[in-house]
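Beneath this line is the structure, given in structure tokens, with notes to follow.
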Amino acid sequence: MTLARQRRHRNPDEFPTIQLFILAIVRLAEPIALTSIFPYAWAFIKRLKIGDEEDASFYAGLLISSFSLAEALMGMYWGGLSDRVGRKPVLLLGCIGTMFSMIMVGFASNIWIALLGRAIGGLLNGNIGVIQTMVGELVTKPEHEPRAYSIMPFVWSIGTIIGPAIGGTFADPHDSFPHLFPEGSIFVTFPYLLPNLICAGLLFISILLGYFLLEETHPDMQPRVSLPDDTFLSENTPLIETSDAMKRPAVDLRDENYGTMRGRNNKSSDGEDTWGKDVEKRPQASIFNKRIMAVILALSIFTYHSMTFDHLLPIFFEDDKTGGQGHSLNAIGNLSPFYSPGGLGLSLQAVGMIMAVQGVIALFMQAVVFPLMAERVGVYRLFILVTVFSPIAYLIMPSLLFVPERLLYPAIYFCLTIRNFFGILVYPLLLILIKEATPSSSVLGKVNGLAASAGAACRMVAPPVAGYLYAMGKRVDCTALAWYGSAFVAILGAAQCFSVHRDRAREKSGEAALERGVAAAVADGDVGEEIEVLPLIEEEDEEEWFGSER
């Protein structure tokens with residue numbers, strides 16, 4: 001009889017272009033939604049008149065971090081749930097939660113409704129860890145990793161272009177477009193509803209695309225592999241023989257070997273070939289090992305100071321040019337690194353466009369600079385390089401206060417370029433290192449869930465701490481205090497990064513092929529084309545080389 005026809009499967013040796021593209025579309029709406037609040041969060045808090053006006057930066061940090069607080073509490077849960085029920089349902093639920101969160105924030109008339117809306121979105125959102133897991137399951141060849149792991153940060157960069165532009169342009173539309181949004185419209189009562197509705201609409205589109213086009217990537221939930229139509233069961237069809245079939249029955253429930261099968265090219269822990277031997281099921285590997293903890297700590301430190309930059313940037317740009325004591329930048333001693341009153345005094349719309357340009361810079365770093373640097377320097381060495389020099393991005397920001405007016409915008413974009421070079425390149429490198437440190441694909445969801453929770457916890461702490469330092473610094477005419485605090489944390493990360501180790505087998509056997517893959521990707525410009533490289537490590541040895549220490 002003829003066996004059932006197999007569903008069309010993606011070739012694991014090819015770059016998963018289509019599925020990564022769909023996953024990127026689903027992912028795109030989320031950074032748009034999350035970053036759209038950055039330009040107007042400070043103005044939103046000032047409009048609600050919570051506490052002293054000088055403390056608005058602190059309360060704006062609480063508003064932004066409430067999402068991350070809830071996300072940190074639930075990150076590991078969603079990662080573990082995705083291991084049981086699949087990646088796709090958890091991913092779509094996260095998008096629905098974020099969409100609902102945006103609508104609540106848009107209709108918020110007080111700080112408590114806004115905080116509740118942000119918290120609900122975080123509680124239902126485990127997408128960061130789930131998406132990292134899906135990328136890891138879609139990409140099975142190490143030479144494809146630099147391209148694949150740069151796609152989601154690349155998409156995030158696109159979102160950081162569109163999101164702040166939406167937030168800065170459509171916040172308080174009655175003030176910006178009075179002829180389109182006249183007095184008495186709902187957008188006068190709720191001035192920040194329009195950007196949230198736009199983002200919610202984009203999330204709804206991503207939910208539809210994900211539901212109909214995105215495939216499940218969980219290894220245990222793939223369709224069974226069946227034979228083609230022209231294959232028939234006959235005496236020539238090879239079957240797996242039973243253990244010692246000539247001497248005892250084919251099935252003996254008392255036999256200790258019942259339920260075991262011969263593995264394909266299996267090897268024991270000491271390297272002995274176990275072909276033809278019964279191999280017991282291995283216990284699930286622990287995710288709390290030294291390599292994983294070191295990478296997650298590096299990710300947490302990077303997430304913290306990166307989030308402080310994103311939070312401080314619009315506040316510093318929108319704040320008045322004079323400090324809390326009324327001094328101006330022409331005062332004596334204004335060149336001191338500890339004298340930095342206020343901010344740059346830019347408009348909300350100008351800040352939104354600057355943040356959009358920052359997204360373009362980040363996009364260039366992700367699409368062009370990262371593949372070239374990964375090819376020429378190598379993944380691990382590049383990680384060390386950009387982490388060690390990342391404090392520079394924070395130390396140069398207060399100097400913008402002393403730049404002449406005609407040179408201000410070039411100086412701003414220079415500072416943003418420096419920041420994106422050191423900041424944007426780190427994230428895809430950390431994703432690659434996390435996947436390498438994972439001892440087994442069966443716990444990849446938990447590892448990424450743990451990393452997502454740790455990152456969310458740092459994103460939760462970073463905005464209020466940075467906002468508090470900014471408010472405290474503004475009272476003493478030293479708003480640079482917040483930037484120096486971020487630089488201090490980045491320095492700690494520069495010291496800690498040396499505790500992150502790579503697998504020696506990976507470095508010796510895989511680095512050259514990986515770099516050739518990056519080079520081919522850059523030369524071809526075609527992410528869908530398969531790259532022919534030497535085989536690296538047998539699939540059966542995955543746990544062995546994933547789990548070894550440097």
Side-chain angles (χ1 to χ4, degrees), residues 132 135-136 139-154 287 289-303 305-306 365-366 368-393 420-439 444 447-448 451 454-455 490-522 531 533-537 541-550:
Q132 290 174 196
V135 173
V139 179
T140 58
K141 296 177 75 66
E143 62 270 20
H144 291 164
E145 288 179 352
R147 285 187 294 172
Y149 279 100
S150 66
I151 289 176
M152 295 309 148
F154 181 85
I287 67 173
N289 62 57
K290 188 184 299 183
R291 289 187 65 204
I292 291 178
M293 291 298 103
V295 181
I296 289 180
L297 180 58
L299 175 68
S300 301
I301 294 174
F302 162 73
T303 302
H305 62 74
S306 178
M365 294 294 175
Q366 201 66 254
V368 178
V369 177
F370 172 72
L372 293 176
M373 294 293 290
E375 173 199 355
R376 297 175 183 275
V377 181
V379 170
Y380 181 74
R381 288 188 293 273
L382 182 59
F383 164 70
I384 297 295
L385 175 68
V386 295
T387 305
V388 166
F389 287 100
S390 61
I392 296 174
N420 281 284
F421 177 80
F422 293 123
I424 296 299
L425 299 190
V426 174
Y427 191 63
L429 299 172
L430 284 167
L431 298 186
I432 294 175
L433 293 173
I434 287 175
K435 182 183 177 182
E436 289 180 7
T438 303
L444 186 58
V447 171
N448 282 321
I491 291 171
L492 294 180
Q496 186 273 338
C497 72
F498 293 99
S499 67
V500 177
H501 296 157
R502 287 197 87 190
D503 195 319
R504 285 192 182 276
R506 170 78 171 199
E507 290 177 350
K508 293 178 180 179
S509 303
E511 190 73 18
L514 184 148
E515 292 175 3
R516 288 198 301 272
V518 176
V522 174
I531 302 171
V533 295
L534 296 175
L536 300 181
I537 299 175
D541 297 333
E542 175 180 313
E543 291 186 11
E544 199 172 324
W545 71 270
F546 265 145
S548 63
E549 293 289 341
R550 185 179 179 182

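Side-chain atoms are counted along with the backbone in the values below, which use heavy atoms only and exclude waters and symmetry mates.
Note that CZ of Phe421 and CZ of Phe370 are 11.5 Å apart. Values are rounded to the nearest 0.5 Å. Between Ile491 atom CD1 and Ile392 atom CD1 the span is 10.0 Å, to the nearest 0.5 Å. Expressed to the nearest 0.5 Å, how far CG of Leu297 lies from CG of Leu492 amounts to 10.0 Å. In this structure, Leu430 CG and Ser300 OG are separated by 9.5 Å, a value rounded to the nearest 0.5 Å.
Judged purely by atom type and a 3.5 angstrom limit, Tyr380 uses its side chain to pair as donor or acceptor with the backbone of Val500.
For the residue pair Phe383 and Ala298, the shortest heavy atom distance occurs at CZ-CB, 4.1 Å. Closest heavy-atom contact between Leu385 and Met373: CD2-CE, 4.3 Å. Nearest heavy-atom pair across Ala454 and Ile296 is CB-CG2, 3.7 Å. The minimum heavy-atom distance between Ala490 and Ser390, with the atom names listed, is CB-OG, 3.9 Å. The shortest heavy-atom contact between Val388 and Ala494 is CA-CB, 3.7 Å. The minimum heavy-atom distance between Arg291 and Glu436, with the atom names listed, is NH1-O, 3.7 Å.
Leu299 is listed as a side-chain neighbour of Tyr427, based on a closest heavy-atom distance under 4.5 Å. Here the side chains of Val135 and Ile151 are not in contact, with every heavy-atom distance at 4.5 Å or above. At a threshold of 4.5 Å between non-hydrogen side-chain atoms, the residues Phe422 and Val426 do not count as touching. With a 4.5 Å cut-off on side-chain heavy atoms, Leu429 and Val386 count as touching.
Applying the ring-ring contact (aromatic ring centres under 6.0 Å, His included) rule to Phe302 yields the partners His305; only residues at least two apart in sequence or on another chain are considered. Residues passing the side chain to side chain donor-acceptor pair (under 3.5 Å) test with Ser306 are Arg419, sequence neighbours excluded.
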